[in-house]
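No experiment lies behind these values; they were computed from the predicted model shown.
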Amino acid sequence: MKNECVMKPLKEMTLLDGDDSKTKLKLGRTRQTQTGRMYRYFMVFKDKELGMDGAYTLDKFVEVLKKL
């Protein structure tokens, strides 16, 4: 089985960091734990820190991808 990286880009570059993003991140991370080691959920923001596990700035996310 090969490793795959599927990224779902935003349709617009409207990057939000409100309560909706925090809820989506929690749901995504829950799904990650339920689906096993082959699924990862990340949220990437242009330059804002959300301060939650799984949320990264673009620069930090590039470093995460390099380690995968």
Side-chain angles (χ1 to χ4, degrees):
M1 180 182 286
K2 66 180 182 176
N3 292 330
E4 294 182 20
C5 179
V6 178
M7 299 178 78
K8 183 179 177 184
L10 294 174
K11 291 182 180 179
E12 300 176 12
M13 288 305 291
T14 305
L15 303 175
L16 305 175
D17 61 350
D19 289 335
D20 187 47
S21 294
K22 291 178 182 180
T23 301
K24 289 177 182 177
L25 181 59
K26 286 179 185 178
L27 289 172
R29 297 303 269 189
T30 299
R31 183 176 176 192
Q32 174 181 312
T33 60
Q34 294 173 345
T35 56
R37 64 181 188 90
M38 297 302 293
Y39 179 84
R40 300 291 181 266
Y41 187 89
F42 304 100
M43 283 190 121
V44 181
F45 297 92
K46 185 176 180 182
D47 54 13
K48 293 221 176 193
E49 294 274 348
L50 196 58
M52 295 178 66
D53 185 39
Y56 299 92
T57 61
L58 185 56
D59 292 340
K60 289 182 181 178
F61 185 66
V62 168
E63 295 303 316
V64 170
L65 282 179
K66 288 178 183 178
K67 294 177 183 177
L68 293 179

Practice prompt. State the CG-OG1 distance between L25 and T30, to the nearest 0.5 angstrom.
Written response: 9.0 Å
Worksheet item: NZ of K26 to CE of M52: how many Å apart, nearest 0.5 Å?
Response: 5.0 Å
Worksheet item: Can you find a heavy atom in the side chain of F45 that is under 4.5 Å from one in the side chain of K60?
Response: no
Discussion item. How long is the straight-line distance from CG of D53 back to CZ of F42, given to the nearest 0.5 Å?
Written reply: 9.0 Å
Fill in: V62/L65 under side-chain contact (heavy atoms from CB on, under 4.5 Å): CA gap, chis, key distance, verdict
CA-CA 5 Å; V62 168; L65 282 179; 5.7 Å; no
Item to complete: Please report the closest heavy-atom contact between V44 and L58, naming both atoms and the distance.
Response: CG1-CA, 3.7 Å
Practice prompt. Answer yes or no: are there more than 12 heavy-atom neighbours, outside R31 itself, under 6.0 Å from its atom CZ?
Written response: no
Worksheet item: In terms of side-chain geometry, is the basic nitrogen of E63 or K66 positioned less than 4.0 Å from the acidic oxygen of its partner?
Response: yes
Discussion item. We want to know whether R29 and Q32 form a side-chain donor-acceptor pair, criterion being a heavy-atom distance below 3.5 angstrom.
Written reply: yes
